[in-house]
Peer 1: 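Pasting a structure below so you can have a look.
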Amino acid sequence: MATANILVVDDEKEIAELVELYLVSDGYQVHKAFTAAQGFEILEKENIDLVLLDIMMPGMDGLEMCSKIRETNNIPIIMVSAKSGDLDKIRGLSTGADDYVTKPFNPLELAARVKSQLRRYTLLNPGTQAAVAEEKSGYDISLKGLEISKEDHQVIVYGEDIKLTPIEFDILYLLASNPGKVFSTEDIFENVWKEEAFEANNTVMVHIRRLRGKIKDDGRTDSEKIITTVWGVGYKIEK
């Protein structure tokens with residue numbers, strides 16, 4: 001983990017430098033950008049493992065930059081914004097972010113969130129700098145049109161290769177690892193984010209909605225759907 005490369009994109013230089021100070025002290029290599037354009041230049045040149053992305057920036061804002069990154073890259077993205085409303089968080093997560101931190105933030109908490117996202121990403125992506133390799137082959141899970149390889153971070157749905165972010169993969173893997181079991185939004189949050197659930201409902205629902213869109217569940221009949229909603233209770237994948 002100590003060799004991970006972090007990209008900080010924030011037009012407020014003082015904040016970017018503060019974040020850099022804490023992350024460097026944790027052993028990370030930090031690249032700073034003050035506009036989206038500068039951020040994309042760094043992404044092209046460097047092997048970036050995680051992006052800390054401010055929303056309110058001149059020119060292209062963080063939401064648009066996040067969407068564009070997600071077109072080609074599944075690295076973790078943590079949104080950092082002064083906007084703390086639920087709708088703002090939902091918008092940030094809907095563009096593809098894995099986490100959302102509001103300003104002013106505790107630098108130690110931010111560093112902990114970075115560590116959590118990197119741990120998840122590197123465990124699921126053996127090719128990254130800080131990856132943990134496992135001696136395993138084939139698919140860990142195969143059921144109901146769904147095949148999952150945890151080692152390769154690969155998901156096949158009805159024969160189609162689906163690209164998921166680390167959070168989306170973890171949610172799908174949790175449900176598929178426990179076929180028939182219903183997980184509430186609180187259960188999903190605590191199992192995937194590894195934190196105590198507190199107002200986690202919207203966060204989980206946004207990721208579930210995005211996940212369903214990628215696996216094309218909305219266009220399937222009830223019997224063909226991968227993820228089933230148990231109204232008022234939670235979500236499950238049938239056996």
Side-chain angles (χ1 to χ4, degrees), residues 1-34 36 38-40 42-43 45-57 62-63 65-70 73-84 88-89 92-93 95-132 153 164-171 189-200 203-204 206-207:
M1 196 71 69
T3 58
N5 285 326
I6 312 297
L7 171 60
V8 179
V9 186
D10 196 317
D11 64 315
E12 297 185 65
K13 295 185 178 181
E14 295 81 3
I15 292 180
E17 289 171 355
L18 175 64
V19 171
E20 178 185 30
L21 179 65
Y22 276 86
L23 294 181
V24 168
S25 69
D26 279 350
Y28 301 115
Q29 183 172 348
V30 176
H31 304 265
K32 299 191 299 294
F34 306 115
Q38 292 176 358
F40 281 120
I42 294 173
L43 281 169
K45 296 176 182 178
E46 304 291 339
N47 186 14
I48 299 298
D49 297 296
L50 180 144
V51 179
L52 283 168
L53 182 56
D54 182 36
I55 290 183
M56 301 298 291
M57 295 189 297
L63 295 174
M65 182 175 182
C66 182
S67 293
K68 288 188 176 297
I69 292 173
R70 280 288 173 255
N73 204 318
N74 283 329
I75 59 174
I77 298 174
I78 300 177
M79 287 287 194
V80 182
S81 175
K83 295 185 175 182
S84 59
D88 297 309
K89 293 179 181 178
L93 295 170
T95 60
D98 297 286
D99 203 353
Y100 191 106
V101 177
T102 56
K103 297 178 181 179
F105 53 82
N106 182 327
L108 293 176
E109 178 188 353
L110 182 63
R113 289 176 181 262
V114 167
K115 184 177 182 180
S116 176
Q117 291 295 333
L118 281 172
R119 183 188 302 115
R120 177 179 297 111
Y121 181 67
T122 54
L123 285 173
L124 296 175
N125 293 268
T128 58
Q129 295 184 73
V132 177
H153 195 217
L164 302 179
T165 66
I167 289 288
E168 293 163 355
F169 184 94
D170 276 4
I171 293 174
F189 190 90
E190 290 178 0
N191 277 277
V192 172
W193 277 262
K194 307 299 183 185
E195 299 175 11
E196 184 177 353
F198 178 70
E199 297 182 351
T203 298
V204 173
V206 168
H207 282 87

Peer 1: Once rounded to the nearest 0.5 Å, what's the spacing between atom CD of Gln29 and atom CG of Asn5?
Peer 2: 4.5 Å

Peer 1: Would you give the length of the straight line joining atom CG of Asn73 to atom OG1 of Thr165, rounded to the nearest 0.5 angstrom?
Peer 2: 11.5 Å

Peer 1: Is it true that Asp98 and Arg70 have a side-chain N and a carboxylate O under 4.0 angstrom from each other?
Peer 2: yes

Peer 1: For Pro107 versus Leu18, what's the shortest heavy-atom pair and its separation?
Peer 2: CG-CD2, 4.2 Å

Peer 1: To the nearest 0.5 Å, what is the distance between NZ on Lys115 and CG on Asp26?
Peer 2: 7.5 Å

Peer 1: Quick check on side-chain contact (heavy atoms from CB on, under 4.5 Å): which of Leu53, Val51, Leu50 does Ile78 satisfy it with?
Peer 2: Leu50

Peer 1: Closest heavy-atom contact between Pro76 and Pro166?
Peer 2: CG-CG, 4.4 Å

Peer 1: Please tell me if the side chains of His207 and Val192 come closer than 4.5 Å, counting only heavy atoms from C-beta onward.
Peer 2: no

Peer 1: To the nearest 0.5 Å, what is the distance between OG (Ser116) and NZ (Lys194)?
Peer 2: 9.0 Å

Peer 1: Can you name the closest pair of heavy atoms from Val9 and Gly39 and give their distance?
Peer 2: CG2-CA, 4.4 Å

Peer 1: Is any side-chain heavy atom of Met79 closer than 4.5 Å to a side-chain heavy atom of Leu63?
Peer 2: yes

Peer 1: Is the closest side-chain heavy-atom distance between Tyr100 and Thr203 below 4.5 Å?
Peer 2: no

Peer 1: Hey, are the side chains of Leu52 and Leu110 touching, using non-hydrogen atoms and a 4.5 Å cut-off?
Peer 2: yes

Peer 1: Any heavy-atom pair between the side chains of Val19 and Ile6 that's under 4.5 Å?
Peer 2: no

Peer 1: Give a yes or no on whether the backbone of Asp54 and the side-chain of Asp10 come within a donor-acceptor separation of less than 3.5 Å.
Peer 2: no

Peer 1: Any chance you could measure Asn106, atom CG, to Arg113, atom CZ, to the nearest 0.5 Å?
Peer 2: 10.5 Å

Peer 1: Nearest 0.5 Å, what's the CD-NZ distance between Gln38 and Lys32?
Peer 2: 11.0 Å

Peer 1: Taking side chain as C-beta onward, heavy atoms only, is His31 less than 4.5 Å from Ile48?
Peer 2: yes

Peer 1: Walk me through whether Glu168 and Asn74 qualify under side-chain contact (heavy atoms from CB on, under 4.5 Å).
Peer 2: CA-CA 10 Å; Glu168 293 163 355; Asn74 283 329; 6.0 Å; no

Peer 1: Does the side chain of Trp193 come within less than 4.5 Å of Ile167's, by heavy atoms?
Peer 2: yes

